[in-house]
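One structure is given here, and the rest of the page talks about it.
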Amino acid sequence: SQIRSLSQQSSETGRRIRETIQIIGGAIAGTFEQAETFSVEDSARVESAKQDIGGVLGDFRHLTGYLEDSAETLRASTRDIKRDIAESLVQLQFQDRVSQILTHVRDNIELLPSYLEQYERDFNATGQLAAIDWTALMQELMNTYATTEEFVNHDDKPAKGLRKAAGSDSLTFF
């Protein structure tokens, strides 16, 4: 009976070992399956992330190229605008100079009637017609000059920084 009891205990222990081995084997198989599933999912996630990153980098390269093109367009536009502004300033300065000169001449011409009236009064007082002396009127005009061109044109002498263009009455500014 002791042998039988021992035999039953052995059998019971063997059965429990088999059950434990089956449980452990099942757990290992389940874990292995899950590991494979996770591995496949991780690979899929890595591939998806790689594609997403590649797409983002492609979009970034495209955007960078577009920004570089836009920056070059802006630089070219800026150069054009600067040139246009510089040309406009030169034109405005020229117009201002011409306006100053014309204003001086106009103001001086407006003095002419008073000079003529004085000569008329002198003629009425003396009965003699005197030649008109333009010196005072010209001196008055010269006193209003603000530009070198006015002095040059008045005396018809070249001045430093100005010269008459060959065969032309136009002035070249330096």
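Bear in mind that the values here come from a model prediction, so they are computed numbers and not experimental data.
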Quiz item: Would you say the side chain of Glu120 lies within less than 4.5 Å of the side chain of Leu116, judging by non-hydrogen atoms?
Solution: no
Quiz prompt | Glu19/Arg16 under salt bridge (charged side-chain N to carboxylate O under 4.0 Å, His left out): CA gap, chis, key distance, verdict | solution = CA-CA 5 Å; Glu19 285 176 2; Arg16 277 194 231 153; over 6 Å; no
Quiz item: Atom CZ of Arg75 and atom OG of Ser70: how far apart are they, to the nearest 0.5 Å?
Solution: 10.5 Å
Quiz item: Are Tyr119 and Asp133 close enough that some pair of their side-chain heavy atoms sits under 4.5 Å apart?
Solution: yes
Self-check item: Straight-line distance of Ile101 CD1 to Asp96 CG, nearest 0.5 Å
Solution: 10.0 Å
Quiz item: Does Thr13 reach the side chain of Ile17, with side-chain heavy atoms less than 4.5 Å apart?
Solution: yes
Quiz prompt | same_hphob_cluster(Ile132, Tyr115) at 4.5 Å side-chain heavy-atom cutoff | solution = yes
Quiz item: Would you find a donor on one side and an acceptor on the other, under 3.5 Å apart, between the side chain of Ser99 and the backbone of Gln95?
Solution: no
Quiz item: Any side-chain heavy atom of Thr103 sitting closer than 4.5 Å to one from Asp107?
Solution: yes
Quiz item: Nearest heavy-atom pair of Leu112 and Leu137: which atoms, and what distance?
Solution: CD1-CD2, 3.9 Å
Quiz prompt | side-chain contact (heavy atoms from CB on, under 4.5 Å) between Val90 and Glu87, worked out | solution = CA-CA 5 Å; Val90 167; Glu87 288 174 7; 5.7 Å; no
Quiz prompt | More than 12 heavy atoms of other groups within 6.0 Å of Arg121 CZ | solution = yes
Quiz prompt | N/O donor-acceptor pair under 3.5 Å between Thr37 side chain and Glu33 backbone | solution = yes
Quiz item: Around atom CD of Glu72, are there more than 12 heavy atoms of other residues, nucleotides or ligands at under 6.0 Å?
Solution: yes
Quiz item: Has the side chain of His62 got a donor or acceptor atom that lies under 3.5 Å from a matching backbone atom of Gly58?
Solution: no
Quiz item: Same cluster for Val98 and Leu89 if Ile/Leu/Val/Met/Phe/Trp/Tyr side chains link at under 4.5 Å?
Solution: no
Quiz item: Does the side-chain contact (heavy atoms from CB on, under 4.5 Å) test come out yes or no for Arg83 and Asp80, once each step is laid out?
Solution: CA-CA 5 Å; Arg83 184 193 68 241; Asp80 292 345; 3.2 Å; yes
Quiz item: When rounded to the nearest 0.5 angstrom, what distance separates OG1 in Thr73 from CG in Leu67?
Solution: 11.0 Å
Quiz item: side-chain contact (heavy atoms from CB on, under 4.5 Å) between Ile24 and Ile28: does it pass, once the steps are laid out?
Solution: CA-CA 6 Å; Ile24 291 173; Ile28 290 174; 3.8 Å; yes
Exercise. Spell out, as yes or no, whether a donor-acceptor pair under 3.5 Å connects the side chain of Ser11 to the backbone of Ser7.
Key: no
Practice problem: Group every Ile, Leu, Val, Met, Phe, Trp and Tyr by side-chain heavy-atom contacts under 4.5 Å, then state whether Leu111 and Trp134 land in the same group. | Solution: yes
Quiz item: Taking the inter-plane angle between the rings of Tyr145 and His104 on a 0 to 90° scale, is it parallel (under 30°), tilted (30 to 60°) or perpendicular (over 60°)?
Solution: tilted
Quiz item: Once you round to the nearest 0.5 Å, how far does CG of Asp42 lie from CD of Glu36?
Solution: 13.0 Å
Quiz item: Which value, rounded to the nearest 0.5 Å, describes the distance between Arg61 atom CZ and Glu68 atom CD?
Solution: 12.5 Å
Quiz prompt | Side-chain touch Gln51/Glu47, heavy atoms, less than 4.5 angstrom | solution = yes
Quiz item: Does some side-chain heavy atom of Arg106 sit less than 4.5 Å from a side-chain heavy atom of Glu110?
Solution: yes
Quiz item: For the atom pair CE (Met138) and CG (Asn108), what is the distance rounded to the nearest 0.5 Å?
Solution: 7.5 Å
